[in-house]
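Note sheet for the following structure.
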Amino acid sequence: MSRVITVGAAQMGPIQKAESRSSTVERMLALMAKANDKGCDLIVFPELALTTFFPRWYTEDWGEIDAWFETSMPSNETQPLFTAAREYAMGFHLGYAELVEEDGATHRYNTAILVDKAGEIVAKYRKVHLPGHAEYDPKRKFQHLEKRYFEVGNLGFPVWRTMGGVMGMCICNDRRWPETYRVMGLQGVEMVVLGYNTPTVNSESDESPHLRMFHNHVTMQSGAYQNSTWVIGVAKAGAEDGHDLMGGSVIIAPTGEIVARCRTLGDELIVADCDLDACNFGKRTIFNFAAHRRVEAYGLITERTGAVPPPE
Ligand code: CDT
């Protein structure tokens, strides 16, 4: 018996600083309507899908920054997404900046949620691997201030049994780290959904856009193959106020193969029928963790953060 989830990867074109939340949500609703026409069970939106990628701008004015954050989910502006999910019986994944009062303090996270077909939030993830820097860096072509505006996520990498399978989430830079997928792989993950905002050029080097796209895909394809899981990677793409973000959104099978890929830098939906039972072969054979992993040799992975080469 197959367990097919029809997934729509909803790449979004640029969101300019001046674009309102409600205009962005209108664009997302149009993508949801398309996904419904194509029979999708789940639609995946990018990281920070409701706003421009604001960590590229430095400010010391937290009031200015907090305007990019959501203090409730759903909110008046995002409620239509939840209503559409219920109407279409289609789950969705959404990335957004979360401002929350917890344990008597204010916290800011780069967050993603999974909403089920009934329009209920069933899972929340907060980004663990925050890239960039915390202070203004005059040497960079542009800033990447995630370490300034967000705290490191405090929820780990859980998985959830929902949408008929074992689902996991991560966000953008997390996709480059093998630990991200392996922690979820050890919980039997069958589909990892993630969004990204990745500049087309490197702010610190002249790495080619082609190489950056290769790294985008090779990391997600390895994560999929080495854990025998589907990976859905969805970009916010195009030029946001003159800053180019790469596209290249993909749906990746548990074999590591790309089965669908976006071709534009705009709002674009790609769809694939993802059979969760296609994860079984890899999990039973070459990546049968119980049979083949050697934890006695992996201690450094959790004991050490930075690389320490042997003495000369
Ligand atoms: N949003 C995000 O995590 N972007 C990073 C860019 C890193 S460059 C400092 C990424 O890994 O794609």
Side-chain angles (χ1 to χ4, degrees), residues 9-15 17 44-58 65 68-70 93-98 108-113 125-153 155 157 169-181 192-224 231-250 252 261-262 265:
Q11 179 173 288
M12 295 182 69
I15 302 175
K17 244 180 164 176
V44 180
F45 291 114
E47 175 192 34
L48 301 177
L50 299 169
T51 65
T52 192
F53 188 71
F54 62 86
R56 69 168 69 89
W57 287 292
Y58 178 83
I65 276 303
W68 302 114
F69 282 74
E70 310 303 312
H93 165 92
L94 170 72
Y96 64 99
E98 179 191 18
R108 295 173 185 81
Y109 297 105
N110 188 341
T111 294
I113 50 169
Y125 168 74
R126 291 170 173 157
K127 187 172 182 176
V128 167
H129 298 99
L130 296 175
H133 48 110
E135 297 303 329
Y136 185 78
D137 181 354
K139 291 190 299 302
R140 290 178 186 250
K141 287 175 242 171
F142 50 87
Q143 305 297 297
H144 196 111
L145 291 154
E146 288 196 58
K147 282 187 158 67
R148 180 176 187 82
Y149 299 136
F150 301 118
E151 284 175 58
V152 171
L155 303 176
F157 291 105
M169 292 188 273
C170 67
I171 300 178
C172 195
N173 188 258
D174 287 321
R175 76 194 186 288
R176 302 185 191 274
W177 298 87
E179 295 86 350
T180 296
Y181 305 92
V192 176
V193 291
L194 70 99
Y196 58 91
N197 282 257
T198 300
T200 306
V201 295
N202 189 321
S203 64
E204 295 179 288
S205 80
D206 52 9
E207 201 174 50
S208 78
H210 171 78
L211 182 61
R212 289 174 66 75
M213 184 61 83
F214 170 70
H215 292 155
N216 173 37
H217 288 154
V218 76
T219 50
M220 293 191 284
Q221 290 181 259
S222 316
V231 173
I232 320 295
V234 181
K236 177 137 67 59
E240 289 190 336
D241 295 292
H243 295 272
D244 289 329
L245 296 170
M246 69 167 66
S249 304
V250 279
I252 301 169
R261 177 185 170 157
C262 282
L265 293 175

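Every number for a ligand or one of its atoms is a count from 1 in the order of the listing. Just so it is clear, the values below take in all heavy atoms, side chains as well, and ignore hydrogens, waters and symmetry mates.
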Next item on the list: Mark up the atoms of ligand 1 that fall under 4.0 Å of a heavy atom belonging to F53, in ascending order.
Entry: 1 (N)
Checklist line | Residues forming a side-chain contact (heavy atoms from CB on, under 4.5 Å) with A224, sequence neighbours excluded | finding: V231, I252
Margin query: Does any N or O of ligand 1 fall below 3.5 Å from an N or O anywhere on N197, backbone included?
Written below: yes
Note to self: Against ligand 1, does E146 come closer than 4.0 Å with any heavy atom?
What the structure shows: yes
Margin query: Could you identify the single nearest non-hydrogen protein atom to atom 7 (C) of ligand 1 and state the distance to 0.1 Å?
Written below: P131 CB, 3.9 Å
Note to self: Return the OG1 to NZ distance between T51 and K17, rounded to the nearest 0.5 Å.
What the structure shows: 11.5 Å
Item checked: Residue from Y125, Y181, Y196 passing side chain to side chain donor-acceptor pair (under 3.5 Å) with D174 -> Y125
Item checked: Inter-residue atom distance M246.CE - N197.CG, 0.5 Å rounding -> 11.0 Å
Note to self: Test your reading of the structure: does T198 have an N or O sitting under 3.5 Å from an N or O of ligand 1?
What the structure shows: yes
Next item on the list: List every atom of ligand 1 that sits less than 4.0 Å from any heavy atom of R176, numbering the atoms from 1 in the order shown and giving each element.
Entry: 10 (C), 11 (O), 12 (O)
Margin query: Quick check with a 6.0 Å cut-off and a 45 degree axis cone: is R126 positioned over the face of Y109's six-membered ring?
Written below: yes
Next item on the list: Note the single closest protein heavy atom to atom 6 (C) of ligand 1, along with its residue, its atom name and the distance in Å.
Entry: H144 CE1, 3.7 Å
Next item on the list: Specify the protein heavy atom at minimum distance from atom 5 (C) of ligand 1: its residue, its atom name, and the distance to 0.1 Å.
Entry: C172 SG, 3.8 Å
Check: In the protein, which heavy atom is nearest to atom 3 (O) of ligand 1, and how far is it?
Finding: K127 NZ, 2.7 Å
Margin query: Residue-level breakdown please: for Y196 versus ligand 1, do any non-hydrogen atoms fall below 4.0 Å on the side chain, on the backbone, on both, or on neither?
Written below: neither
Check: Can a salt bridge be assigned to the pair E204 and K141 using a cut-off of 4.0 Å between side-chain N and carboxylate O?
Finding: no
Next item on the list: May I ask you to check whether Y58 and H144 place their ring centers less than 6.0 Å from one another?
Entry: no
